[in-house]
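Report on the following structure.
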Amino acid sequence: MHQSSLLAACLAFAPVVQGLNILITNDDGFGTSNIRELYKQMTALGHDCYIVASTSEQSDMGVQPLFTTSPQLLTDSEWGIVKAGSASIGTDPHDSHIWYYNGTPAAQVFVALDYVLPTFASFSTPDLVVSGPNSGWSVGPFLYSLSGTMGAVYAAIERDIPAVAFASGNSIPEPYFWVNSTTKVGLQDPATITARLAATFIQSLIDKAAGSRVLPEGYAVSVNLPYITSYTSDICTNPPFVMARMTNNESIVDKAIYDSKTGLFSYESINIAGGNQCIGGNCNLPGETDVLSSGCKSSVTVFTVDFDPRNNAVCFNVSDVTEIVPIVVQVNGTTPPLGGLGANASIIGNPPAAATSAPPFMPTITNIGMKTQWSLTGLILAMGVGAFCI
């Protein structure tokens, strides 16, 4: 049986799982199109979702929990959604489940867990934290430690809450009120498709857990989605999820570049052996950048909070990460690949709408503002439908 047929059969018989309590955050800001579209998708699936995210972009802040020192905003939030002089924490004017706070992504998580949710929500501790989808990829161990999107994930899993990060190849953040119901070519907005892909992945992960904890303690997932082309074509609008690993061939790190004329430093990204060693995990998996550069595919990586080298130990009864990934994740080279939205998913837009022009396409990893996203290790092969659907 082809993996695509197996996946379709499993989805048809998958059990209905009760809605979860979910915290959604990012490092691009609470008013971005990606986070608002994901919030809409996850809420429509029956989950109780809250957004707690920054008033403005907090990229490259890592896991620093920096809290504001001012009780009021000193400047307008991104796109003027909240004005200067407003409280440094509050809700969106139109939705009490959407909160902003003037702090770093890790601080957003702590403020959500220790103030917003226990004080204002119907739950205190979420079942899952989702970070993103970020505008720009987060690939390799250097960016895992640099990315604010990943910082939110680390904060969550260190607080014993399962977490997933998403990052998109569409690297320019846009406000939620720019989302098109249809683009010039009659397709859904890239932010909508990005959110649908993320929601499909999350729901598949939830379904696999079947009422149990979504991920084992200390484990997290990073998903990097490709550039969605729906502004101009349908070339890349339903990418498959492909299992990957953090390192392998293309992991990058920064190099300082000195300008003798200005006396200032800048950086450039370089690929070097030290960041591409396979010490733990499955060394046969492709690296995240290998998957993303091989066409219209999403990379999925499982990682843990344990930085120690592995010693053939089995932690939390998980001997292979393929045991915890959802069935939508495939091995690289699966034929035919099944799109992350499903085989027959529609991406047709809903006219009429005023379509915006496409943002510039950033084709290489080194010139994309990179953020978190996970790449998971994929499907267990050569097993019956019942084994996948349990």
Side-chain angles (χ1 to χ4, degrees), residues 2-5 7-8 11 32-38 40-42 44-45 132-137 166-176 178-204 223-242 244 288-300 327-330 332-365 367-368 373 375 378:
H2 286 299
Q3 286 190 29
S4 57
S5 300
L7 174 57
L11 291 177
T32 58
S33 57
N34 281 352
I35 196 171
R36 295 298 185 98
E37 289 295 290
L38 179 59
K40 288 165 56 178
Q41 293 289 329
M42 295 307 299
L45 288 170
N134 185 69
S135 295
W137 289 330
F166 292 92
S168 168
N170 299 67
S171 59
I172 300 177
E174 294 181 347
Y176 71 91
W178 282 10
V179 174
N180 301 291
S181 57
T182 185
T183 63
K184 290 180 178 179
V185 293
L187 303 177
Q188 292 177 352
D189 193 276
T192 302
I193 295 175
T194 294
R196 287 180 61 196
L197 286 162
T200 299
F201 182 91
I202 295 167
Q203 189 60 48
S204 182
V223 181
N224 283 282
L225 303 166
Y227 181 90
I228 301 300
T229 62
S230 61
Y231 274 123
T232 56
S233 75
D234 63 356
I235 291 175
C236 187
T237 51
N238 191 11
F241 293 107
V242 176
E288 294 166 319
T289 51
D290 290 336
V291 170
L292 293 167
S293 62
S294 65
C296 180
K297 299 176 184 178
S298 301
S299 68
V300 182
I327 60 174
V328 294
V329 183
Q330 305 161 57
N332 199 28
T334 296
T335 304
L338 181 67
L341 297 175
N344 300 308
S346 173
I347 55 166
I348 302 301
N350 298 312
T356 62
S357 58
F361 175 43
M362 306 282 218
T364 62
I365 288 176
N367 66 3
I368 290 179
Q373 195 182 22
S375 25

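For the numbers below, each heavy atom of this structure counts, side chains included, while hydrogens, waters and symmetry mates do not. All values reported here derive from a predicted model rather than from experimental measurement. Numbers for residues simply follow the sequence, beginning at 1.
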Taking atom types as modelled and ignoring hydrogens, do the side chains of Ser230 and Gln188 form a donor-acceptor contact shorter than 3.5 angstrom?
no
Taking [X] for its side chain and [Y] for its backbone only, find out whether a donor-acceptor pair lies under 3.5 Å.
| X | Y | answer |
| --- | --- | --- |
| Gln330 | Leu338 | yes |
| Thr335 | Gly333 | yes |
| Ser204 | Phe201 | no |

How far apart are the closest heavy atoms of [X] and [Y], and which atoms are they?
| X | Y | result |
| --- | --- | --- |
| Ile35 | Gly132 | CG1-O, 4.1 Å |
| Phe241 | Leu197 | CZ-O, 3.4 Å |
| Lys297 | Pro226 | O-CD, 3.3 Å |

Run the side-chain contact (heavy atoms from CB on, under 4.5 Å) test on Asn180 and Tyr231 for me, step by step, so that the C-alpha distance in whole Å, both residues' side-chain angles and the decisive distance to 0.1 Å come before the verdict.
CA-CA 10 Å; Asn180 301 291; Tyr231 274 123; 3.7 Å; yes
Report the C-alpha separation of Asn350 and Thr182 in whole Å, then their side-chain angles, then the decisive distance to 0.1 Å, and conclude whether the side-chain contact (heavy atoms from CB on, under 4.5 Å) test is met.
CA-CA 5 Å; Asn350 298 312; Thr182 185; 5.7 Å; no
Is the shortest side-chain heavy-atom distance between Ser135 and Asn34 below 4.5 Å?
yes
Residue pair Arg36 / Val179, side-chain heavy-atom distance below 4.5 Å
no
Atom pair OG (Ser298) and CG (Asn238), whose distance is rounded to the nearest 0.5 Å:
9.0 Å
Rounded to the nearest 0.5 Å, the OG1 atom of Thr200 sits from the CG atom of Leu341 at a distance of 5.0 Å
With sequence neighbours left out, the residues meeting side chain to side chain contact (heavy atoms under 4.5 Å, CB included) with Ala199 are Leu38, Gln41, Met42, Leu45
With Ser233, which residues qualify under side chain to side chain contact (heavy atoms under 4.5 Å, CB included), at least two apart?
Thr229, Ile235
Option among Ile193, Asp234, Asp189, Leu187 that satisfies the side chain to side chain contact (heavy atoms under 4.5 Å, CB included) test with Ile228
Ile193
For Thr192 and Glu37, what are the C-alpha separation, side-chain angles and deciding distance, and is it a side-chain hydrogen bond (donor to acceptor under 3.5 Å, both in side chains)?
CA-CA 6 Å; Thr192 302; Glu37 289 295 290; 2.7 Å; yes
Could you pull out all residues at least two apart from Thr32 that satisfy side chain to side chain donor-acceptor pair (under 3.5 Å)?
Asn26
